[in-house]
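These notes concern the structure reproduced below.
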Number of protein chains: 2
Amino acid sequence: MTAHAREPRSRRERPAKPALTRAGIIGTAVELMRAEGLERVTMRRLAQELDTGPASLYVYVRNTAELHAAILDQLLGAVDLTPAQADGDWRDRLTRLLGSYLAVLFEHPALARSALVARPSGEHYLDLVEAVLALLGEGGLAPAGAAWAVDLLLLFTTSTAAEQSTRRQAADAQDEWDALTAALREAAPARHPHIAALGGLLLSGTGEARLAWGFQALISGVLAAPAPDTSGSTP
Amino acid sequence: MTAHAREPRSRRERPAKPALTRAGIIGTAVELMRAEGLERVTMRRLAQELDTGPASLYVYVRNTAELHAAILDQLLGAVDLTPAQADGDWRDRLTRLLGSYLAVLFEHPALARSALVARPSGEHYLDLVEAVLALLGEGGLAPAGAAWAVDLLLLFTTSTAAEQSTRRQAADAQDEWDALTAALREAAPARHPHIAALGGLLLSGTGEARLAWGFQALISGVLAAPAPDTSGSTP
DNA sequence: ACCTGAACACCGTTCAAGT
DNA sequence: ACCTGAACACCGTTCAAGT
């Protein structure tokens with residue numbers, strides 16, 4: 001048995017087993033997600049893709065939540081930030097910017113859900129925050145108001161993506177949605193008079209129309225809100 | 001070996017093994033959640049608690065998501081709906097109502113997250129929607145506006161709970177939050193001038209103050225928004 | 001109709017041991 | 001310092017077989 005013969009097969013069949021790096025791991029994770037969906041991007045499955053054991057990944061990634069946050073930040077590179085520098089009404093441009101963020105999340109609903117839990121903190125997320133702040137500043141919002149408004153706007157967009165887009169992928173989630181619409185439609189006028197009176201209105205409008213309305217309401221709202229009390233700090 | 005001796009031990013030691021019912025299953029699930037947290041309310045663990053096998057639960061519960069939605073609806077029975085009937089400014093009462101909903105969610109952050117994915121459709125959730133609609137109607141919102149506004153308000157409240165309260169429980173989530181605050185504080189003025197300029201303002205304010213501000217902005221916003229275009233319907 | 005044992009196909013994370 | 005095998009302690013869901 002020569003040294004040559006003991007060379008592991010995998011070394012010979014694969015072109016090269018690249019050294020593990022954080023960037024390489026995240027890159028492979030993004031590929032895997034595009035190919036099979038975020039549900040498949042588990043530590044074990046990803047390790048398999050990288051031709052190693054799951055334990056090896058923990059040198060570069062703290063845990064699954066952090067891995068997903070890193071994937072999201074990578075994807076946020078695709079958000080179109082140009083509305084922040086363009087001409088035209090700042091409200092329209094802010095809506096376009098948030099719409100672009102939403103579009104990225106819509107492609108990967110599970111990621112939007114994880115963004116609510118493990119907030120991204122990478123460069124691309126900061127670029128997005130920066131662009132929103134620039135537009136709010138243009139709109140004349142005072143600094144403290146803008147600081148709180150950016151949170152409100154991004155939370156609304158992220159949670160809209162998390163909620164709406166899950167339905168389109170998971171059959172189970174669709175069942176829950178159907179149950180809700182049925183419950184609203186069949187509401188007993190005695191117990192739920194307002195719901196019964198509104199009828200189909202509660203479920204009216206396309207997703208886009210409701211979203212655009214939501215953005216308008218939010219932007220008007222943060223303009224109308226009083227200057228925030230910024231004493232104290234988030235725990 | 002007599003028939004008596006072959007009686008399984010569990011039958012003799014436990015007072016009685018109650019027959020499985022949906023209500024009984026959900027009730028046990030709620031107890032289990034209060035005792036050990038929602039993470040522990042798995043089909044397997046719950047079956048164990050009910051002294052049966054996981055497969056038995058599928059007769060009464062479609063899947064884990066539906067189980068969690070049912071648990072949430074049960075808990076929503078604790079939401080204080082009296083502000084809808086009380087005297088006083090309708091905005092204040094709406095804020096109190098949403099605050100009570102938030103408080104319930106805050107006690108069980110994981111449940112808030114699941115509510116974004118599998119929306120509850122039980123009686124208690126309908127009661128909440130009804131109460132919000134009643135207050136919006138008092139505030140003079142046109143029916144179509146109220147129909148969309150209730151979604152916006154509940155989505156904001158639910159996602160705030162999902163986001164904020166996760167941090168307090170999961171150590172990992174706290175890490176992510178720390179990473180975000182550090183990233184904001186250390187933003188490079190060259191690339192992120194607005195973030196750098198705002199400095200601590202971005203993270204200012206207590207959770208309560210930010211929440212109250214958010215409710216105000218939302219209420220002002222839905223009042224200011226134009227009548228929605230209700231043609232078409234949610235897919 | 002309801003209930004179940006057993007199986008299928010997976011998970012995250014840790015840790016002692018190696019290089 | 002980096003990497004790993006192996007283990008620990010779990011998952012959701014299905015299905016054929018029983019009562």
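In the text below, chain A, chain B and the rest are named by the order of the sequence lines, each starting its count at 1.
- For A:Val59, the side-chain atoms get nearest to D:dC2 when compared with the rest of D:dT13, C:dC3, D:dC2.
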What donor-acceptor contacts under 3.5 angstrom involve side-chain atoms of residues 179-187 of chain B, with partners at least two apart or in another chain?
{"residue": "B:Thr181", "atom": "OG1", "partner": "B:Trp177", "partner atom": "O", "Å": "3.4"}
{"residue": "B:Thr181", "atom": "OG1", "partner": "B:Asp178", "partner atom": "O", "Å": "2.9"}

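- Remark: P of C:dT13 and CD of A:Glu66 are 11 Å apart, rounded to the nearest angstrom.
- Base pairing analysis places D:dT14 opposite C:dA6; the two distances defining the Watson-Crick or G-U wobble pair are each below 3.5 Å.
- Of the candidates D:dC11, C:dC11, D:dG5, the closest approach to any side-chain atom of A:Ala55 belongs to D:dG5.
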Practice problem: For B:Tyr101 and B:Leu81, run side chain to side chain contact (heavy atoms under 4.5 Å, CB included): C-alpha distance rounded to whole Å, both residues' side-chain angles, the deciding distance at 0.1 Å, then the answer. | Solution: CA-CA 9 Å; B:Tyr101 170 52; B:Leu81 300 172; over 6 Å; no

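- In this structure, the side chain of A:His68 does not engage the main chain of A:Ala110 through any donor-acceptor pair within 3.5 Å.
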Quiz item: Going through the distances and angles, do A:Arg22 and A:Glu66 end up as a salt bridge (Lys or Arg N to Asp or Glu O under 4.0 Å)?
Solution: CA-CA 12 Å; A:Arg22 187 168 210 274; A:Glu66 202 229 347; 2.4 Å; yes

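- Within 4.0 Å of B:Thr42, counting heavy atoms only, lie sugar-phosphate atoms of the nucleic acid but no base atom.
- In this structure, A:Ser56 reaches the D:dT4 phosphate: one of its side-chain N or O atoms is under 4.0 Å from OP1 or OP2.
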Practice problem: Could you please spell out the steps behind the salt bridge (Lys or Arg N to Asp or Glu O under 4.0 Å) verdict for B:Arg191 and A:Glu130? | Solution: CA-CA 9 Å; B:Arg191 180 164 179 177; A:Glu130 174 69 21; over 6 Å; no

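- When both distances must be under 3.5 Å, the Watson-Crick or G-U wobble mate of C:dT19 is D:dA1.
- Comparing C:dC3, D:dC11, D:dT13 by their nearest atom to the side chain of B:Pro54 picks out D:dT13.
- Remark on DNA chain C: of its neighbouring residues B:Tyr60 and B:Arg44, the 5'-side contact belongs to B:Tyr60, judged by nearest-heavy-atom nucleotide.
- The separation between B:Gln48 atom CD and D:dC11 atom P is 8 Å, rounded to whole Å.
- Within 4.0 Å (heavy atoms only), A:Thr64 reaches sugar-phosphate atoms of the nucleic acid but no base atom.
- A:Arg62 has its CZ atom 11 Å from the P atom of C:dT14, to the nearest Å.
- Going from the P atom of D:dC10 to that of C:dA9 covers 23 Å, rounded to whole Å.
- When distances are taken from the side chain of A:Thr52 to each of C:dT13, D:dT13, D:dT4, the shortest belongs to D:dT4.
- Per the geometry, CZ belonging to A:Arg40 stands 7 Å off P belonging to C:dC11, to the nearest Å.
- Straight-line distance from the CE atom of B:Met43 to the C1' atom of C:dG5: 17 Å, rounded to whole Å.
- Distance B:Leu57 CG to C:dC2 C1': 13 Å, rounded to the nearest Å.
- Atom-to-atom, CG of A:Leu46 to P of C:dC10 comes out at 16 Å; the value is rounded to the nearest Å.
- Nucleotide C:dT4 holds its P atom 6 Å from the CG atom of B:Leu20, rounded to whole Å.
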